[in-house]
> 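Below is a structure I'd like to ask you about.
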Amino acid sequence: MSHGLYIVNVFGVDNEGITARLTEALALYDARVLDIGQALIHDNLSLSLLVQLPAEESAAAVRKQIKQVLADQKLGVRFKAIDRAQYDEWYSERGQPRHIVTLFGRSVRAKHIQHISR
C-alpha cells in the first residue's frame, strides 16, 4: 500500500472552526498530520498541514471532501503531492539549528526586514 504525502494549504478570511472542520475531513480518511503551521494577520488566515494518507487512491476523495467542508467558508485550498525524496530531505533538516529573530520598534519598514533576512 502506498502512503501519499501532501501539503494542504488553506487561505482566506478567518472564521471560527476552520481547523476543526479541516481535520475532521482528514480524520475520515485516517490521515496522519506530520506538521502544521498557521498564521493570522488581520483576519487573513494561512494554514498549512503536511499530511500522510494511508492509500494513494484516497487523495482525490480527500481533496473533494476538504473542498466540500470548506466551501461555505469562502476559503482557497491547495492540495499538493510531495514526493518521498522531498519529504526525506525536509525531515533530515529538522534537527538543524534554528534561529528566532524578534524585531522591536515603533515602525517596522520592509528595509528593516530585508536587512536582517540577508
Side-chain angles (χ1 to χ4, degrees):
M1 181 187 302
S2 177
H3 297 280
L5 298 167
Y6 300 89
I7 294 281
V8 180
N9 298 111
V10 177
F11 51 93
V13 177
D14 188 35
N15 288 300
E16 191 172 314
I18 292 171
T19 303
R21 288 181 181 179
L22 176 60
T23 53
E24 180 180 17
L26 291 167
L28 293 172
Y29 297 90
D30 197 30
R32 182 175 170 211
V33 177
L34 303 173
D35 198 10
I36 185 170
Q38 177 177 315
L40 185 62
I41 300 174
H42 288 279
D43 293 329
N44 289 289
L45 174 69
S46 177
L47 172 63
S48 297
L49 289 90
L50 174 61
V51 298
Q52 182 178 35
L53 301 179
E56 193 70 40
E57 57 271 14
S58 68
V62 173
R63 185 180 305 127
K64 183 178 178 182
Q65 182 71 31
I66 288 170
K67 286 183 178 183
Q68 286 177 345
V69 166
L70 298 178
D72 66 328
Q73 300 292 307
K74 297 180 181 170
L75 294 164
V77 178
R78 283 191 299 260
F79 197 86
K80 179 184 174 193
I82 303 295
D83 70 35
R84 190 64 192 194
Q86 285 176 302
Y87 173 77
D88 290 343
E89 181 180 341
W90 170 80
Y91 188 79
S92 71
E93 294 174 358
R94 291 190 75 174
Q96 299 298 316
R98 304 281 187 215
H99 306 282
I100 296 174
V101 176
T102 304
L103 180 61
F104 290 101
R106 289 195 178 276
S107 175
V108 176
R109 305 232 184 257
K111 65 182 179 181
H112 300 130
I113 297 170
Q114 180 254 341
H115 179 74
I116 63 172
S117 65
R118 286 187 178 174

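Just so it is clear, the model here is predicted, and its values are computed rather than measured.
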> For the hydrophobic clusters of this structure (ILVMFWY residues joined by side-chain heavy atoms under 4.5 Å, transitively), does one cluster hold both Val77 and Val13?
no

> Could you give the distance from CG (Leu75) to CD1 (Ile18), rounded to the nearest 0.5 Å?
4.5 Å

> Within a radius of less than 6.0 Å around CG of Leu40, do more than 12 heavy atoms belonging to other residues, nucleotides or ligands occur?
yes

> Is the shortest heavy-atom distance from the side chain of Asn15 to the side chain of Arg21 under 4.5 Å?
no

> When you look at CD of Gln114, are more than 12 heavy atoms from neighbouring residues, nucleotides or ligands closer to it than 6.0 Å?
yes

> Does Leu49 reach the side chain of Thr23, with side-chain heavy atoms less than 4.5 Å apart?
yes

> Mind listing the closest non-hydrogen atom pair of Pro54 and Asp30 along with its distance?
CD-O, 3.8 Å

> Measuring from Ile7:CD1 to Leu5:CG, what's the distance to the nearest 0.5 Å?
9.0 Å

> Does atom CD of Glu24 have more than 12 heavy-atom neighbours, drawn from other residues, nucleotides or ligands, at distances under 6.0 Å?
no

> Can you tell me how far apart CG (Leu103) and NE2 (His112) are? Round to the nearest 0.5 Å.
7.5 Å

> Atom CG in Leu26, atom OH in Tyr6: separation rounded to 0.5 Å?
12.0 Å

> In Å, rounded to the nearest 0.5 Å, how long is the span from NZ of Lys111 to CD1 of Ile116?
14.0 Å

> Let me confirm one number: the CZ-CG distance from Phe11 to Leu47, rounded to the nearest 0.5 Å.
11.5 Å

> State, with a plain yes or no, whether a side-chain heavy atom of Leu22 is found less than 4.5 Å away from one of Val69.
no

